[in-house]
2 protein chains.
Amino acid sequence: MTKSKILLVDDEPDVLEILSYNLENNGYKTFKAKDGKEAIEKAIKILPELIIMDVMMPNMDGIEACEILRKDPKFKNTIIMFLTARAEEYSHIAAFQAGADDYVTKPIKPKILLSKVNALLRRLNQDNISEGPIEIGNFVIDAEKYNVLFNGKYFVLPRKEFELLFLLASKADKVVKREMIMERVWGSEVIVGERTIDVHIRKLREKFGDNYFKTIKGVGYKFAKS
Amino acid sequence: MTKSKILLVDDEPDVLEILSYNLENNGYKTFKAKDGKEAIEKAIKILPELIIMDVMMPNMDGIEACEILRKDPKFKNTIIMFLTARAEEYSHIAAFQAGADDYVTKPIKPKILLSKVNALLRRLNQDNISEGPIEIGNFVIDAEKYNVLFNGKYFVLPRKEFELLFLLASKADKVVKREMIMERVWGSEVIVGERTIDVHIRKLREKFGDNYFKTIKGVGYKFAKS
DNA sequence: TGTTTAATTTAACTTTAAGTTAATATATCA
DNA sequence: TGATATATTAACTTAAAGTTAAATTAAACA
């Protein structure tokens, strides 16, 4: 993979230097701009993956620059991160509304900065193709809305029930082993009894009928479309 | 929500048919054009949300059509997506330069096509939220004026309350996780107790009633239109 | 600049719901 | 059939959220 390009925007050369130093040392290619106007010009040429930008700048501030960039489809996948002084009691909302993805407060702590940058760029590179609700049989299972549309009726399930249903439905027609269910729904740290899964399956059957959740004895369960 | 309109442009009727079939089956309204020239004429009438267009066409190719469309402010929010044969790798650069948002390679794989179309249109619909006040249910929430019109009455909320309401309303019907609320309303560096969110939710419920703010236990809250 | 008022947070406590267990019943398969 | 796995229930435990009042902090104002 090629180095990610990061555009740094701040009116203080010192800040640019700190940012650049830390990011270059961690394998990123950095570029600098001194205000919002220059940032936009450079962004168009460079097409960076990430822009780290001060909120308060002369000429054109970060929020305004962010809004302009967000209107250009070329930057629809570009991550924009703000720098704010802790003192500035500005509302985060303005920044997020303008299309920011995250922010870091000054003074900059290199560790925090890097962990955020890494996290954001990792997220960018992950394909988010498998988004949206699962539609299967009579079910529409929407993890975002946390609800289940079943035969035209909405259900709001308790968390574990929902996660169990979601897991089974997302592997429809395939057997999900009990240990896999444990791992996915309860996690490898929690220790709960074996019957717990059964009880939750039962709750699902109570709500949606017996047909959809098939027991594979000695193995696990599978979701059947009908 | 009304069906999104998609304009399909290709000189091969077969390709138009495949696209149309898959998209109509997924709740989109489609229109067809056989070259760039016809595409522009139809686009002006239809004002589609999305245009899917072959790069190589007789009369006027996709790139040229895209450039022309991009000059017209009517289409500043229209998404343009190209179809390219896998071989013609070179054209991607030209396409993006002309203002394309995405591309899909032929032969068309319906699943990939649909996930891209869904993702692009979802993003389009979200972006529009950031401009002007949010109108939802009985609420008109204006982040610029920092006020809330609810059932014909104006409210001026304290900052945190407002930001919480704004956040939930801007993702109406979707669950906003507690950690996301923390991050967005309080910021990732401030450390406040868990109950703080609850208390603010309670304040909102006091003002606007219990119906609008739904608890998803173990996850977060969601704004319900009614 | 101190004073007052409002906003925000905390802490203690209550309520509610979710999740688990364990005992018993039932089903399944060799 | 008999061994073994799963199903079912109800009782219980734990976790999460709701509520209130008091304490803290920030904002407004004279």
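Just so we're on the same page: letters track the sequence lines, and every chain starts at 1. Computed from a predicted model, the values in this text were never measured in an experiment.
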Under a 4.0 Å N-O cut-off, is there an ion pair linking [X] with [Y]?
X	Y	result
Glu206(B)	Arg202(B)	yes
Asp35(A)	Lys37(A)	no
Glu38(A)	Lys32(A)	no
Glu163(B)	Arg184(B)	no

Atom-to-atom span, [atom1] of [X] to [atom2] of [N] - whole angstrom:
X	N	atom1	atom2	value
Glu161(A)	dA18(C)	CD	C1'	9 Å
Ile201(B)	dT9(C)	CD1	P	14 Å
Asp198(A)	dA22(C)	CG	P	14 Å
Leu164(A)	dG19(C)	CG	P	11 Å
Glu179(B)	dA17(D)	CD	P	12 Å
Ile181(A)	dT20(C)	CD1	P	14 Å
His200(B)	dT19(D)	NE2	P	15 Å
Ile197(B)	dT19(D)	CD1	C1'	16 Å

(request) Identify, with sequence neighbours excluded, every residue that meets ring pair (Phe, Tyr, Trp, His ring centres under 6.0 Å) alongside Tyr28(A). (result)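 Ring pair (Phe, Tyr, Trp, His ring centres under 6.0 Å) list for Tyr28(A), sorted by chain: empty.
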(request) Would you kindly compare Asp210(B) and Gly220(A) by the position of their nearest DNA chain D nucleotide and give the one closer to the 5′ end? (result)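 Upstream on the strand: Gly220(A).
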(message) Both Val199(A) and Ile216(B) contact DNA chain D. Which one's nearest nucleotide lies toward the 5' end?
(response)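 Taking each residue's closest nucleotide, the earlier one in sequence belongs to Val199(A).
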Does [N] have its OP1 or OP2 closer than 4.0 Å to a side-chain nitrogen or oxygen of [X]?
X	N	value
Arg178(A)	dA5(D)	no
Tyr221(A)	dA7(D)	yes
Thr215(B)	dG18(D)	yes
Arg159(B)	dA7(C)	no
Arg195(A)	dG19(C)	no
Thr196(B)	dT8(C)	no
Trp186(A)	dT20(C)	yes

(request) Would you kindly compare Leu157(A) and Ile191(A) by the position of their nearest DNA chain C nucleotide and give the one closer to the 5′ end? (result)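 Nearer the 5' end of the strand: Leu157(A).
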(request) Would you indicate which nucleotide in dA17(D), dG19(C), dT8(C) comes nearest to any side-chain atom of Lys160(B)? (result)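 Within the option list, the nearest is dT8(C).
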(request) Output the single nucleotide from dT9(D), dT8(C), dG19(C) whose closest atom is nearest the side chain of Lys203(A). (result)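 Comparing dT9(D), dT8(C), dG19(C) against the side chain of Lys203(A), the answer is dG19(C).
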(request) Just report the end-to-end axis angle for the helix from dT1(C)-dA30(D) to dA30(C)-dT1(D), five pairs per end, to 10 degrees. (result)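 Helix axis angle between the two ends: 40°.
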Polar pairs (N or O, both sides) under 3.5 Å between protein and nucleotides 27-30 of chain C?
residue : atom : partner   : partner atom : Å
dT28(C) : O4'  : Lys217(A) : NZ           : 3.3
dT28(C) : O2   : Lys217(A) : NZ           : 3.1

(request) Please confirm whether Lys29(A) makes a cation-pi placement over Phe31(A), using NZ or CZ under 6.0 Å from the six-membered ring centre and within 45° of the ring normal. (result)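 Yes.
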(request) Decide if the gap between the ring center of Phe208(A) and the ring center of Phe150(A) is smaller than 6.0 angstrom. (result)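 Yes: the rings meet the under 6.0 Å criterion.
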(request) For Lys214(A), look at atom NZ and say whether over 12 heavy atoms of other residues, nucleotides or ligands are found less than 6.0 Å away. (result)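 Incorrect, the count does not exceed 12.
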(message) For Glu24(A), is the CD atom crowded, meaning more than 12 foreign heavy atoms sit under 6.0 Å from it?
(response)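 Check passes, neighbour count above 12.
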(request) Check for a donor-acceptor pair, side chain of Lys116(A) on one end and backbone N or O of Tyr103(A) on the other, with a separation under 3.5 Å. (result)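 Yes: the side chain of Lys116(A) pairs with the backbone of Tyr103(A).
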